[in-house]
There are 2 protein chains.
Amino acid sequence: MTKMMPATDRSLPIALLRARERVMGPIRALLSGAGLTEQQWRGLRVVQEDGPIDPTQIADKACLLLPSLTRILQKLEEKQLISRVRDKEDRRRQVVRIAPAGEKVIADNIEASLELMNRTRAKMGPERYEALLDLLNELDQIDLTE
Amino acid sequence: MTKMMPATDRSLPIALLRARERVMGPIRALLSGAGLTEQQWRGLRVVQEDGPIDPTQIADKACLLLPSLTRILQKLEEKQLISRVRDKEDRRRQVVRIAPAGEKVIADNIEASLELMNRTRAKMGPERYEALLDLLNELDQIDLTE
DNA sequence: CTGAATTGCTTAACATGTGTAGCAAAATGA
DNA sequence: TCATTTTGCTACACATGTTAAGCAATTCAG
């Protein structure tokens with residue numbers, strides 16, 4: 001008895017993979033010009049928008065695991081795009097802030113980045129684009145353990 | 001002038017990332033019991049379904065880059081889940097086949113794997129699930145270079 | 001108040017992603 | 001036919017994903 005596997009474009013994991021690759025390709029190209037990876041960019045943006053902020057919250061908002069974020073923050077600090085200090089109240093914790101050079105990197109790239117997403121939205125059509133976001137969020141809510 | 005950034009659940013790259021993570025989490029857990037990574041599983045399944053097959057085609061069907069696939073095939077060969085031989089006609093090329101142990105690994109896990117996807121489909125509702133696949137495929141067709 | 005959890009972050013180890021370079025075999029063209 | 005280009009795969013380098021372990025600071029139970 002042969003199990004029927006869906007064609008690759010009907011496989012949800014693969015379809016999600018391909019779609020993300022399509023969206024991120026041009027963004028990665030843009031950021032590589034600034035010497036940043038996609039993940040470094042996500043982390044930096046969270047710090048800029050929500051900082052001062054601690055690493056645990058950055059990881060949550062940027063969808064990064066803490067071990068990855070540790071390395072990413074080290075890189076961003078080396079490049080002087082952020083600064084880190086220990087929290088006075090709780091010395092286990094750190095406070096991360098955007099640095100002037102970090103503000104500049106964001107200013108230099110945010111426009112083109114938004115433009116890429118707007119173009120995607122326009123190409124798909126705004127309704128379908130929003131519908132896709134809704135379905136993705138719905139999928140993220142699902143509890144498969146039940 | 002502050003650029004408006006979408007909330008993270010309205011950011012397409014992040015939403016795609018989270019959704020994929022939600023879907024793959026349980027599958028990864030299942031496969032780790034078999035000592036396989038998600039990518040090794042994808043590669044192995046392509047070989048089983050479409051083999052004998054060469055690495056370039058495996059990479060295409062499994063959505064893996066060739067450098068990654070090289071390492072993955074080495075691992076699968078070490079575990080004796082596949083076999084590789086040079087193509088007689090074109091000695092640049094390889095022919096990859098599933099090995100008996102590989103058939104067994106797939107037989108032991110395919111059921112639960114399919115069950116997880118079916119459960120996802122049921123939880124979302126079949127229409128929405130299909131709609132999501134359609135939208136993801138549509139996104140994958142988009143040409144952002146124009 | 002003190003020893004046992006817990007928390008926040010880092011390190012380590014292994015695997016993959018990604019871009020680039022390299023090599024050998026095969027196809028191409030003057 | 002021979003030099004050039006292309007193709008198929010591998011090697012390398014750097015960055016992240018993933019899981020587990022480790023360490024220091026803090027909290028909590030008895």
Side-chain angles (χ1 to χ4, degrees), chain A residues 13-14 16-18 20-44 53-60 62-79 82 84-96, chain B residues 13-14 16-18 20-44 53-60 62-79 82 84-96:
Chain A
I14 304 249
L16 286 166
L17 198 57
R18 287 183 175 152
R20 179 151 212 284
E21 192 43 43
R22 181 71 62 190
V23 170
M24 290 313 303
I27 296 185
R28 261 200 292 273
L30 170 69
L31 295 176
S32 80
L36 286 182
T37 67
E38 171 199 337
Q39 292 83 350
Q40 290 168 1
W41 172 251
R42 282 216 305 278
L44 187 61
I53 187 175
D54 62 274
T56 298
Q57 290 183 63
I58 298 172
D60 180 53
C63 290
L64 295 165
L65 295 181
L66 225 21
S68 298
L69 185 65
T70 291
R71 292 174 299 209
I72 290 169
L73 291 180
Q74 287 166 349
K75 295 277 159 54
L76 293 177
E77 196 172 27
E78 280 173 21
K79 300 177 198 232
I82 61 167
R84 285 193 287 181
V85 297
R86 281 213 170 287
D87 187 322
K88 304 277 183 184
E89 319 294 312
D90 184 339
R91 288 184 308 184
R92 290 171 301 186
R93 192 167 292 165
Q94 300 177 6
V95 179
V96 184
Chain B
I14 304 249
L16 287 165
L17 198 56
R18 287 185 175 150
R20 180 149 211 286
E21 199 43 41
R22 179 73 58 191
V23 170
M24 290 313 302
I27 296 185
R28 262 200 291 274
L30 169 70
L31 296 176
S32 81
L36 286 184
T37 66
E38 171 200 338
Q39 292 83 350
Q40 289 167 1
W41 172 252
R42 281 217 305 279
L44 186 60
I53 186 174
D54 61 274
T56 298
Q57 289 183 64
I58 299 173
D60 180 52
C63 291
L64 295 165
L65 294 181
L66 223 23
S68 299
L69 185 65
T70 291
R71 292 175 299 209
I72 290 168
L73 291 180
Q74 287 166 351
K75 295 278 159 53
L76 292 177
E77 195 173 29
E78 280 172 23
K79 299 178 199 225
I82 61 166
R84 286 192 289 179
V85 297
R86 280 212 171 286
D87 188 322
K88 305 275 184 186
E89 320 294 313
D90 183 341
R91 288 184 308 182
R92 290 171 303 186
R93 190 167 292 167
Q94 300 177 6
V95 180
V96 183

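In what follows, every heavy atom counts, from backbone to side chain, and hydrogens, waters and symmetry copies are set aside.
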Using atom CG of D87(A) as one end and atom C1' of dT26(D) as the other, report the distance to the nearest whole Å.
12 Å
Using a cut-off of 4.0 Å on non-hydrogen atoms, how would the nucleic acid contact of Q74(A) be classed: base, sugar-phosphate, or nothing?
sugar-phosphate
It should be established whether R93(B) places a side-chain nitrogen or oxygen under 4.0 Å from OP1 or OP2 of nucleotide dT10(D).
no
Nearest whole Å is fine: how far is dC14(C) P from E78(B) CD?
13 Å
Criterion side chain to side chain contact (heavy atoms under 4.5 Å, CB included) on Q40(B) and L44(B), from CA distance to verdict:
CA-CA 6 Å; Q40(B) 289 167 1; L44(B) 186 60; over 6 Å; no
How would you label the contact of E89(A) with the nucleic acid (heavy atoms, under 4.0 Å): base, sugar-phosphate, or nothing?
sugar-phosphate
Taking OP1 and OP2 of dT7(D), is either one under 4.0 Å from a side-chain nitrogen or oxygen of R92(B)?
no
Assess the residue pair K79(A) and Q74(A) against the criterion (side chain to side chain contact (heavy atoms under 4.5 Å, CB included)); give the C-alpha distance rounded to whole Å, side-chain angles, the decisive distance to 0.1 Å, and a yes or no.
CA-CA 9 Å; K79(A) 300 177 198 232; Q74(A) 287 166 349; over 6 Å; no
Can you check the D54(A) CG to dA25(D) C1' distance for me, whole Å?
15 Å
Are the side chains of L73(B) and I82(B) in contact, using a 4.5 Å heavy-atom criterion?
yes
Value in whole Å for how far the P atom of dA11(D) lies from CG of L73(B):
12 Å
Tell me: CD1 of I58(B) to P of dG8(D), nearest whole Å?
14 Å
Would you mind classifying the nucleic acid contact of T70(B) as base, sugar-phosphate or nothing, using non-hydrogen atoms under 4.0 angstrom?
base
Note, I58(B) side chain near V96(B) side chain (heavy atom, < 4.5 Å):
yes
At under 4.0 Å between heavy atoms, which parts of nucleotides 15-23 of chain C does protein reach? Answer with one letter per nucleotide, 5' to 3': B base, S sugar-phosphate only, - none.
SSBBBB---
Considering only heavy atoms from C-beta outward, does the side chain of L31(B) approach that of I27(B) to under 4.5 Å?
yes
Return yes if a side-chain donor-acceptor contact under 3.5 Å exists between Q57(B) and D60(B), otherwise no.
no
Please state whether the phosphate of dC9(D), meaning OP1 or OP2, lies under 4.0 angstrom from any side-chain nitrogen or oxygen of T56(B).
yes
How many Å lie between CD1 on I53(B) and P on dC9(D), as a whole number?
10 Å
Interatomic distance, L76(A) CG vs dC9(C) P [rounded to whole Å]
15 Å
Take atom CG of L66(A) and atom P of dA20(D), then tell me their distance rounded to the nearest Å.
16 Å
Under the side chain to side chain contact (heavy atoms under 4.5 Å, CB included) rule, what do R42(A) and L17(B) come out as? Steps first, then yes or no, please.
CA-CA 12 Å; R42(A) 282 216 305 278; L17(B) 198 56; 3.4 Å; yes
Counting the atoms with a prime plus P, OP1 and OP2 as sugar-phosphate, which does R86(B) contact under 4.0 Å by heavy atoms, base, sugar-phosphate, or nothing?
nothing
